[in-house]
Amino acid sequence: MKLHNTLTKKIDDFLPLKAQQARLYSCGPTVYDHIHIGNLSSFIVADTLRRVLAASGFEPRHVMNFTDVDDKTIARSRERYPDVPPMEALRRLTAEYSRIFLDDMRAVGNDVAAITFVKATDNIEAMRQLITKLHADGFAYVTDDGVYFSIEAYRRSGKTYGQLTEITAQSTSEARIQNDEYDKASVHDFALWKAWRAGEPAWEFELAGKNLKGRPGWHVECSVMSSGQLGQPFDIHTGGIDLIFPHHENEIAQSTAGQTDPLYAKYFVHNEHLLVDGKKMSKSLGNFYTLKDVQAKGFDPLAFRLLVLQAHYRSQAHFSWENLAAAQNRLNDLRALAALRWQPREVAHDSGTEALRDIPQQLTDILANDLDTPEALAFLSRVATQLLAVHIEKDMVDHFEAMLQGIDELLGLELMKVGDITAAQKELIAGREAARARQDWAESDRLRDKLAKQGVGLRDHPHGVIWFPQS
RNA sequence: GGCGCGGUGGCCGAGGAGUUAGGCAGCGGUCUGCAAAACCGCUUACACGGGUGCGAAUCCCGUCCGUGCCUCCA
């Protein structure tokens, strides 16, 4: 298995730290609103990575967090529930959007059962402990508005701040320097803990004899939850490229300050952004979509998954309705392939069952090359074209189903969910065949139209009619 | 200003020095009761200018254009 590692800026062989384990941490959603399809694309990549690791013989352990306390969740919860205590308002809001998030995840084929989810608010004690330790070791300082991490102290200890991306004086924008309104010693220093402000939820915290009631900073949440669940160092950390700086740099700094082992995570895998109309999604540009919008236009969420997988994760994919329609057509084609398992040919014809059995392995090999999903789909399309031309015979069904199962495990396309048609629909098909036999074309076409309305398309072949799901 | 990534046929999108990517759409044809599918053919792709190669879409330099990070944004 090869993966592009932001730490080395190269495609590296994946060599796990412990035996065959693949410990994977993905920065999860901030649960204050519906996530957008760009967020979702990131999670589709992480899900696919876990699938490919598993197929490549590793034992993945995949952890994802819910950021359920931060500026946005707090602001939104106060708007939505102005009359309940802040902590309860926060809990209600984040519970609601966590649930919606999981629904979206499942809809696009991400296997949430394979992920261990952790909530920031369930890990406050561990955060307090880490901050206390950082403070005791001289890497954190207390100010009026919270506790900050000192990058200067980190650098003095001999470690590098900026392992993922170069950080220099010139690379710091004027805007950042000018907007440096907080009580920090240096521009890059970041909050580990934020002091309480009226109306906000808060947790008790005593540090160096001072009462520091407040809440954790964003970066410390991920540091604590990743190592708490996976140990440190762990194998792979994933996220969108926008998280490289400052989020992941800060995680590395916090987690390795004062540690003898300078490694936080061995591999950092970052996915590029999904562009809409050639631009990054943003509310102000009006190119901001959620999965609800995709569904409202009649598209299958799995068509969106296919759209994401059609592009390599390190390139900017383009979302457009036209592009999504193409992906939907491709999905329909794959479903037509899957439907063959309910209608095998009686006639034996000598097509190799061995070939079918090898397909998941061939897909795995392609995907193990830095998650080459576009090539994998191209391969799959060639397979589909070939099989749809010859169909499958009765004694190949087991192998065929094993192949579909393997494809689903790798790509999450849920082809095994393509069910059989009803007995009534089978009768309609038989009735049409009878009508055709007596050359009653009007009746034949009527039955075909009726089936089409029920989502069943037909193709007449020399060796018989086959049906396929039609959306 | 600093650090990246990219510009491929009507659209989308891989690949990446000589060999058909793939998807979507269009046109012509074969087949078919009709359709769908399939198959065959066509629409002669790699931003521009230089350079290095026997050979460049693929490497190098430059230009233009797009895009991202440098703001708690996946």
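Everything quoted here is computed from the prediction, not taken from an experiment. Convention: sequence-line order gives letters A, B, ...; per-chain numbering from 1.
- Rounded to an integer number of Å, the gap from CZ of A:Phe379 to P of B:U20 is 19 Å.
- Taking A:Glu200 as the reference, A:Arg197, A:Arg215 meet the salt bridge (Lys or Arg N to Asp or Glu O under 4.0 Å) condition, with sequence neighbours excluded.
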Evaluate the criterion salt bridge (charged side-chain N to carboxylate O under 4.0 Å, His left out) for residue pair A:Arg23 and A:Asp235; output intermediate values, then yes/no.
CA-CA 5 Å; A:Arg23 290 170 296 163; A:Asp235 297 295; 3.5 Å; yes

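- Closest to the side chain of A:Ala326, from the set B:G23, B:A74, B:G33, is B:G23.
- A close approach under 4.0 Å does occur between a side-chain nitrogen or oxygen of A:Lys72 and OP1 or OP2 of B:C73.
- One interatomic measurement links the two molecules: CG of A:Asp333 to C1' of B:A25, which rounds to 14 Å at whole-angstrom precision.
- Using a 4.0 Å heavy-atom distance criterion, A:Leu458 is classed as a base contact.
- Separating the C1' atom of B:A45 from that of B:G23 is a span of 16 Å, rounded to the nearest Å.
- Atom P of B:G29 sits at a distance of 39 Å from the matching atom of B:G16, rounded to the whole Å.
- No engagement by A:Leu306 is indicated, since no non-hydrogen atom pair under 4.0 Å with the nucleic acid exists.
- Side chain of A:Asp145 to backbone of A:Ala195: no donor-acceptor contact under 3.5 angstrom is found.
- Side-chain polar atoms of A:Asn250 and A:Gln254 form no donor-acceptor pair below 3.5 angstrom.
- In this entry the distance linking CD1 of A:Ile244 with C1' of B:C73 reads 13 Å, nearest Å.
- Shown here, B:G7 is classed anti by the O4'-C1'-N9-C4 or O4'-C1'-N1-C2 angle, which is more than 90° from 0.
- Remark: A:Asp420 engages A:Trp342, A:Lys426, A:Trp467 in a side chain to side chain contact (heavy atoms under 4.5 Å, CB included) (not counting sequence neighbours).
- Among the atoms of the strands shown, only primed sugar atoms or phosphate atoms (P, OP1, OP2) are found under 4.0 Å from some heavy atom of A:Thr385.
- Remark: A:Arg448 engages A:Arg432, A:Asp445, A:Leu458 in a side chain to side chain contact (heavy atoms under 4.5 Å, CB included) (not counting sequence neighbours).
- If you take atom P in B:C39 and the same atom in B:U19, they sit 24 Å apart, rounded to whole Å.
- Distance check on atom C1': B:A14 versus B:G53 gives 26 Å, rounded to whole Å.
- Between B:G2 and B:G9, the distance separating the two C1' atoms is 37 Å to the nearest Å.
- If you check distances only, the side chain of A:Asp460 never reaches the base of B:C31 with a donor-acceptor pair under 3.5 Å.
- The residue among A:Thr30 and A:Arg436 whose nearest nucleotide of RNA chain B is located toward the 5' end is A:Arg436.
- Rounded to an integer number of Å, the gap from NE2 of A:His188 to C1' of B:C69 is 13 Å.
- Between the side chain of A:Arg459 and the base of B:A35, no donor-acceptor pair under 3.5 Å is found.
- Residue-level contact check: A:Asn329 touches the backbone only, with heavy atoms under 4.0 Å from sugar-phosphate atoms and none from bases.
- B:U44 and B:G10 are spaced 7 Å apart, taking the P atom of each and rounding to whole Å.
- Going from atom CG of A:Leu337 over to atom P of B:G23 covers 13 Å, rounded to whole Å.
- Among B:A21, B:C69, B:C72, the nucleotide with an atom closest to any side-chain atom of A:Arg382 is B:A21.
- For a distance-only test at 3.5 Å, the side chain of A:Arg330 fails to qualify as a donor-acceptor partner of the base of B:C24.
- Nearest to the side-chain atoms of A:Ala191 among the listed nucleotides B:A74, B:C3, B:C72 stands B:C72.
- Annotation for A:Lys453: atom NZ does not count as buried by contact number, only 12 or fewer foreign heavy atoms lying within 6.0 Å.
- Taking atom C1' in both B:A17 and B:G51, the straight-line distance is 15 Å, to the nearest Å.
- The separation of B:C12 from B:A25, taken at their P atoms, amounts to 15 Å, rounded to a whole angstrom.
- Counting any heavy atom pair closer than 4.0 Å across all strands shown, A:Gly38 reaches a base atom.
- Using a 3.5 Å distance cut-off with no hydrogens or angles, the side chains of A:Gln425 and A:Gln454 do pair a donor with an acceptor.
- No more than 12 heavy atoms of other residues, nucleotides or ligands lie within 6.0 Å of NZ in A:Lys119, so this atom counts as exposed by the packing criterion.
- Checked against the 6.0 Å centroid threshold, A:Tyr97 and A:Tyr32 do not count as a close aromatic pair.
- In RNA chain B, consecutive stretches of 3 or more Watson-Crick or G-U wobble pairs with both distances under 3.5 Å are given as paired ranges: B:1-7 with B:64-70, B:10-12 with B:22-24, B:26-30 with B:38-42, B:47-51 with B:59-63.
- Computed from coordinates, the A:Arg76 CZ to B:C73 P distance equals 13 Å when rounded to whole Å.
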Reading nucleotides 10-15 of chain B 5' to 3', which nucleotides get B (base under 4.0 Å from a protein heavy atom), which S (sugar-phosphate only), which -?
-SSSS-

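- In this structure, the CG atom of A:Leu387 is 13 Å from the P atom of B:A38, given to the nearest Å.
- A:Tyr313 pairs by the ring-ring contact (aromatic ring centres under 6.0 Å, His included) definition with nothing, not counting sequence neighbours.
- Comparing atom distances between the A:Ile241 side chain and each of B:A21, B:C3, B:G68 picks out B:G68 as nearest.
- Atom C1' of nucleotide B:G6 and atom CG of A:Leu275 are separated by 10 Å, given to the nearest angstrom.
- Residue-level contact check: A:Arg215 touches neither bases nor backbone, having no heavy atom under 4.0 Å from any strand.
- Using a cut-off of 4.0 Å between Lys/Arg side-chain N and Asp/Glu carboxylate O, A:Asp68 and A:Arg91 are scored as not salt-bridged.
- When heavy atoms are screened at a 4.0 angstrom cut-off, A:Arg448 is found touching base atoms of the nucleic acid.
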